[in-house]
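Every chain is numbered from 1 and lettered A, B, ... according to where its sequence line falls, protein lines coming before strand lines.
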2 protein chains.
Amino acid sequence: MLGEFEYALITAAAGLGDKAYGAAIREEIEAATLRKCSIGALYTTIERLEKKGLLKTWMGEATPQRGGRAKRMVLVTEAGELAAKNFYDAVMRVSLNARWAMEKGESLL
Amino acid sequence: MLGEFEYALITAAAGLGDKAYGAAIREEIEAATLRKCSIGALYTTIERLEKKGLLKTWMGEATPQRGGRAKRMVLVTEAGELAAKNFYDAVMRVSLNARWAMEKGESLL
DNA sequence: ACCCTTAGTATCACAATGTAATTCAAATCA
DNA sequence: TGATTTGAATTACATTGTGATACTAAGGGT
């Protein structure tokens with residue numbers, strides 16, 4: 001099963017589409033999470049997810065701008081999307097009947 | 001931050017109210033999760049959560065039925081509920097805009 | 001030409017979490 | 001008494017999460 005950070009990373013990458021690369025993903029995560037995302041967490045996790053086949057990555061070209069170093073581009077694979085969906089569904093299922101999950105009077109059936 | 005299993009455990013215990021003890025929680029988790037919950041996962045996690053003040057536990061009386069051994073009763077503390085809520089909210093926030101989280105045409109705003 | 005700043009990636013070591021396997025305890029029932 | 005049943009505890013190891021630190025290359029200013 002995915003961990004919470006892994007889930008956040010996949011979701012961020014998926015949202016960025018073809019603009020997904022390390023640093024951008026990091027910003028996404030911080031925005032969505034409201035917490036710092038350390039460099040170590042980022043690249044270590046990217047590597048692990050790639051090893052599991054949930055991401056595919058490759059080095060892009062360096063861009064012609066100050067500091068424009070080559071980027072590690074990231075693509076979420078089918079397996080990656082599926083894993084994310086499973087994580088999400090699992091949390092939803094567990095949260096049925098949880099007080100903190102019931103807002104707006106939804107009965108969640 | 002809580003892990004996913006920790007979240008499931010707190011949620012199960014909260015749902016069981018004053019009937020929350022090791023074995024019952026385990027069944028809850030398996031039902032909600034659709035996956036096996038090993039004994040080790042259970043008690044190790046209970047212990048860790050208690051150490052962090054998210055749960056309180058104590059030994060109950062042995063019940064007068066075959067094998068009715070004393071139970072370790074579990075109560076979710078305020079801090080525990082808060083942590084669970086935070087986990088849930090974090091997942092929700094991260095999942096805004098995620099394709100797999102948008103069902104029923106909700107725009108999620 | 002040289003150094004500073006900037007955008008990025010890479011790695012290591014360790015902490016926190018997740019899980020299986022195995023053992024122990026106490027109570028009934030035959 | 002001893003087999004059966006409910007339930008808890010321990011051990012050891014795998015997986016995830018994270019901070020600290022280092023590295024690389026480009027542009028800009030002087």
Side-chain angles (χ1 to χ4, degrees), chain A residues 1-10 12-13 16 19-30 33 35-52 54-55 57-74 83-84 87 90-91 94, chain B residues 1-10 12 16 19-30 33 35-55 57-74 83-84 87 90-91 94:
Chain A
M1 170 79 66
L2 287 182
E4 196 242 344
F5 183 73
E6 295 178 308
Y7 175 71
L9 198 158
I10 290 182
L16 284 166
K19 292 172 204 60
Y21 66 96
I25 292 175
R26 188 183 178 200
E27 283 170 29
E28 266 305 282
I29 293 178
E30 298 197 333
T33 282
R35 299 199 332 234
K36 280 285 161 211
C37 164
S38 78
I39 299 290
L42 186 72
Y43 290 103
T44 315
T45 302
I46 287 180
E47 203 174 296
R48 288 171 185 163
L49 290 176
E50 182 166 25
K51 196 167 295 173
K52 289 198 282 184
L54 306 186
L55 295 181
T57 79
W58 66 94
M59 292 309 283
E61 300 284 307
T63 51
Q65 52 169 300
R66 181 172 183 131
R69 180 173 177 191
K71 300 171 170 65
R72 172 173 292 280
M73 307 306 292
V74 172
F87 178 89
V91 172
V94 167
Chain B
M1 170 78 67
L2 288 181
E4 196 241 344
F5 184 73
E6 295 178 309
Y7 175 70
L9 198 158
I10 290 182
L16 284 166
K19 290 171 204 63
Y21 67 95
I25 292 175
R26 188 182 179 203
E27 282 171 30
E28 266 305 281
I29 292 178
E30 298 197 333
T33 282
R35 299 196 337 230
K36 281 284 161 213
C37 163
S38 78
I39 300 291
L42 185 73
Y43 290 103
T44 314
T45 302
I46 287 180
E47 203 173 296
R48 288 171 185 162
L49 290 176
E50 182 167 25
K51 196 168 296 174
K52 289 198 282 184
L54 306 186
L55 295 181
T57 79
W58 65 95
M59 293 308 284
E61 300 283 308
T63 51
Q65 51 170 297
R66 181 175 184 127
R69 187 180 169 182
K71 300 171 170 63
R72 172 174 293 278
M73 308 306 291
V74 172
F87 178 90
V91 172
V94 167

Determine the contact category for [X]: base if any of its heavy atoms lies under 4.0 Å from a base atom, sugar-phosphate if only primed atoms, P, OP1 or OP2 are that close, otherwise nothing.
X       : answer
B/Ala23 : sugar-phosphate
B/Gly40 : base
A/Gly3  : sugar-phosphate

**Message:** Can a donor-acceptor pair be found, under 3.5 Å and without considering hydrogens, that links the side chain of A/Arg26 to the backbone of A/Cys37?
**Reply:**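 Yes.
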**Item:** Main-chain N/O of A/Leu16 paired with A/Glu28 side-chain donor or acceptor, under 3.5 Å
**Value:**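 No, because the side chain of A/Glu28 does not come within donor-acceptor range (under 3.5 Å) of the backbone of A/Leu16.
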Euclidean distance, atom [atom1] of residue [X] to atom [atom2] of [N] [Å, nearest integer]:
X       : N      : atom1 : atom2 : value
A/Tyr21 : C/dA7  : OH    : C1'   : 8 Å
A/Phe5  : D/dG17 : CZ    : P     : 8 Å
B/Leu49 : C/dG18 : CG    : C1'   : 12 Å
B/Leu2  : D/dT18 : CG    : P     : 12 Å
B/Leu54 : C/dA16 : CG    : P     : 14 Å
A/Met59 : D/dT24 : CE    : C1'   : 10 Å
B/Glu50 : D/dA9  : CD    : P     : 10 Å
B/Ile29 : C/dG18 : CD1   : P     : 11 Å

Is [X] near enough to [N] that one of its side-chain N or O atoms lies under 4.0 angstrom from OP1 or OP2?
X       : N      : answer
A/Ser38 : D/dG19 : yes
A/Arg26 : C/dA7  : no
A/Arg48 : D/dG17 : no
B/Lys52 : C/dT17 : yes

**Asked** Where is the tightest heavy-atom contact between B/Tyr7 and A/Val91, given as atom of each residue plus distance?
**Response** CE2-CG1, 4.2 Å
**Comparing A/Thr44 and B/Leu42 on DNA chain D - which has the more 5′ nearest nucleotide** =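 With A/Thr44 and B/Leu42 compared, the 5'-side residue is B/Leu42.
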**Request:** Find which nucleotide of DNA chain C each of A/Met1 and A/Ala41 is nearest to by heavy atoms, and output the residue with the more 5' nucleotide.
**Result:** A/Ala41
**Spatial distance of atom CG (B/Leu9) from atom CD1 (B/Ile29) [nearest 0.5 Å]** =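 One gets 4.0 Å once the value is rounded to the nearest 0.5 Å.
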**Item:** Nearest-0.5 Å distance that lies between atom CG in A/Leu54 and atom CD1 in A/Ile46
**Value:** 12.5 Å
**Item:** Nearest-nucleotide pick for A/Ile39, side chain only, options being D/dT16, C/dG18, C/dT11
**Value:**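 Of all the options, the side chain of A/Ile39 is nearest to C/dT11.
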